[in-house]
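Treat the numbers as computed from the prediction; the structure is a model and nothing was measured. Just so we're on the same page: letters track the sequence lines, and every chain starts at 1. Keep in mind that the numbers below use all heavy atoms, side chains included, and drop hydrogens, waters and symmetry copies.
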Number of protein chains: 2
Amino acid sequence: MSNQRSGEPDPRAAADGCCPRLLSSPPEEAEAVEYARVFKALGDPVRLRLLSMIASHNGGGEVCVCHLTPAFDVSQPTISHHLKLLREAGLIASERRGTWVYYRLLPETTDRLASILTRIPSGDTACNDGADSAPCTDHPAQT
Amino acid sequence: MSNQRSGEPDPRAAADGCCPRLLSSPPEEAEAVEYARVFKALGDPVRLRLLSMIASHNGGGEVCVCHLTPAFDVSQPTISHHLKLLREAGLIASERRGTWVYYRLLPETTDRLASILTRIPSGDTACNDGADSAPCTDHPAQT
DNA sequence: ACCTTGCATCGACGGATATCGATACAAGCC
DNA sequence: GGCTTGTATCGATATCCGTCGATGCAAGGT
């Protein structure tokens with residue numbers, strides 16, 4: 001799994017702006033796999049509510065697992081499993097303090113998702129591929 | 001990166017005001033199920049690339065399926081299946097014109113997702129629930 | 001009418017996933 | 001040391017999901 005910290009393995013101009021946006025240019029296969037893993041982690045109601053409870057608690061810091069578990073109808077191992085998936089997706093991080101484990105949001109990941117889902121406000125088509133929009137006059141091969 | 005523009009209709013200030021943001025207040029069960037369905041639709045590399053190709057083609061309008069299918073290593077029924085899931089998630093819409101079927105992005109859905117994934121810039125905790133952040137002194141019941 | 005082409009649907013199959021109970025591990029307390 | 005509590009891991013299982021080939025349907029061309 002790649003960490004979005006230092007070295008960006010995507011050749012598509014990571015730092016300077018143009019094209020890490022899903023809605024402007026199709027991602028590479030590896031990049032698509034990476035994003036899909038994060039979106040898949042959000043694709044479960046329990047995980048979505050877990051993430052939301054972690055992100056929205058009023059302290060601004062962390063949430064104890066002992067506050068998350070009793071809020072759901074599923075068992076404690078299931079909650080632990082979902083937290084693990086969210087952690088492996090880079091959405092949250094955990095820290096043990098004494099008996100209890102606290103989870104906190106990693107805002108870089110949600111910021112990144114929000115960014116790639118945001119449309120470029122006006123006509124910025126600098127990074128498009130060569131797909132045409134004419135009424136399909138050619139006959140591409142098909143499997 | 002924070003998106004502070006001048007005349008930009010900041011997606012943070014959504015029309016419905018306070019609380020449809022995932023990171024500020026936990027959603028209801030039904031709402032979580034609904035969002036999870038959309039995120040789950042994005043949780044596959046093929047679907048992610050399909051959506052991206054549809055959203056980013058330079059015409060600004062639609063993409064013929066005949067241009068999508070040969071861009072992948074999976075069979076035509078599989079592409080059709082993925083397009084159906086994206087359509088059922090409200091991310092794209094289709095229209096048949098003559099022999100060909102054209103798909104287009106439904107930007108309201110991606111806008112919505114970007115919106116609920118966006119943090120409120122400064123201390124706006126008006127919509128939080130009552131979760132405390134103290135070092136876990138109480139003993140909540142557990143299953 | 002017949003054939004061809006583009007796309008959707010069907011049925012099947014293998015792998016992934018959500019869930020559980022049981023259990024192991026970590027940390028504090030007696 | 002042993003007990004208790006909080007959390008993670010382990011197997012097992014039922015269901016879901018991605019993929020395929022076969023087939024059906026729509027539309028245009030001959």
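- Using a 4.0 Å cut-off between charged side-chain N and carboxylate O, E88(A) and R37(A) make no salt bridge.
- What separates CG of D73(A) from P of dA18(C) is a distance of 17 Å, to the nearest Å.
- Residue T99(A) places no side-chain N or O under 4.0 Å from the OP1 or OP2 atom of dT5(D).
- Side chains of T78(A) and S75(A): a donor on one and an acceptor on the other come within 3.5 Å.
- The nearest whole Å value for the distance from the CD1 atom in I92(A) to the C1' atom in dA8(D) is 14 Å.
- If you find the closest nucleotide of DNA chain D to S94(A) and to R47(B), the one lying nearer the 5' end belongs to S94(A).
- Distance, L83(A) CG to dA18(C) P: 13 Å, rounded to whole Å.
- Going from atom CG of L42(B) over to atom C1' of dC17(D) covers 16 Å, rounded to whole Å.
- Because its NZ or CZ atom is both nearer than 6.0 Å to the ring centre of Y102(B) and within 45° of the ring axis, R97(B) counts as a cation-pi partner of that residue.
- Contact of the L83(B) side chain with the I54(B) side chain is registered, since non-hydrogen atoms from C-beta on lie closer than 4.5 Å.
- We find that K40(A) and D44(B) are not joined by a salt bridge, their nearest charged nitrogen and carboxylate oxygen being 4.0 Å or further apart.
- Taking the side chain of C64(B) as heavy atoms from C-beta on, and the options dA27(D), dC20(C), dC7(C), the nearest nucleotide is dC7(C).
- Atoms CD1 (I79(B)) and P (dT19(D)) sit 8 Å apart, rounded to a whole Å.
- Taking only side-chain nitrogens and oxygens, Y103(A) comes nearer than 4.0 Å to OP1 or OP2 of dA8(D).
- The Q76(B) side chain lies nearest to dC7(C) when the options are dG21(D), dC7(C), dT19(D).
- Contacts of L85(A) with the nucleic acid, taken as non-hydrogen atoms under 4.0 Å apart, involve only primed sugar atoms and P, OP1 or OP2.
- A residue-by-residue look at R96(A) and K84(A) shows that R96(A) has its nearest nucleotide of DNA chain D further toward the 5' end.
- Between the CZ atom of F72(A) and the P atom of dA18(C) there is a distance of 14 Å, rounded to whole Å.
- Whole-Å rounding puts the H81(A) NE2 to dA8(D) C1' distance at 12 Å.
- For the pair G98(A) and V65(B), both in contact range of DNA chain C, the more 5′-proximal nearest nucleotide belongs to V65(B).
- Note on H82(B): only backbone sugar-phosphate atoms sit closer than 4.0 angstrom, heavy atoms only; bases stay farther off.
- Between S80(B) and dC7(C), a side-chain N or O to OP1/OP2 separation shorter than 4.0 Å is absent.
- Contact annotation: T78(B) does not reach the phosphate of dG18(D) (side-chain N/O to OP1 or OP2, under 4.0 Å).
- Which of dG6(C), dG21(C), dG21(D) sits closest to the side chain of P77(A) comes down to dG21(C).
- Note: CD (E95(B)) to P (dA27(D)) measures 13 Å, nearest angstrom.
- In this structure, of dT9(C), dA18(C), dT7(D), it is dT7(D) that holds the atom nearest to the side chain of C66(A).
- Phosphate proximity of dA16(C) to K40(A): absent, as no side-chain N or O sits under 4.0 Å from OP1 or OP2.
- Proximity of F39(B) to L117(B): side-chain heavy atoms (C-beta onward) are separated by under 4.5 Å at one or more points.
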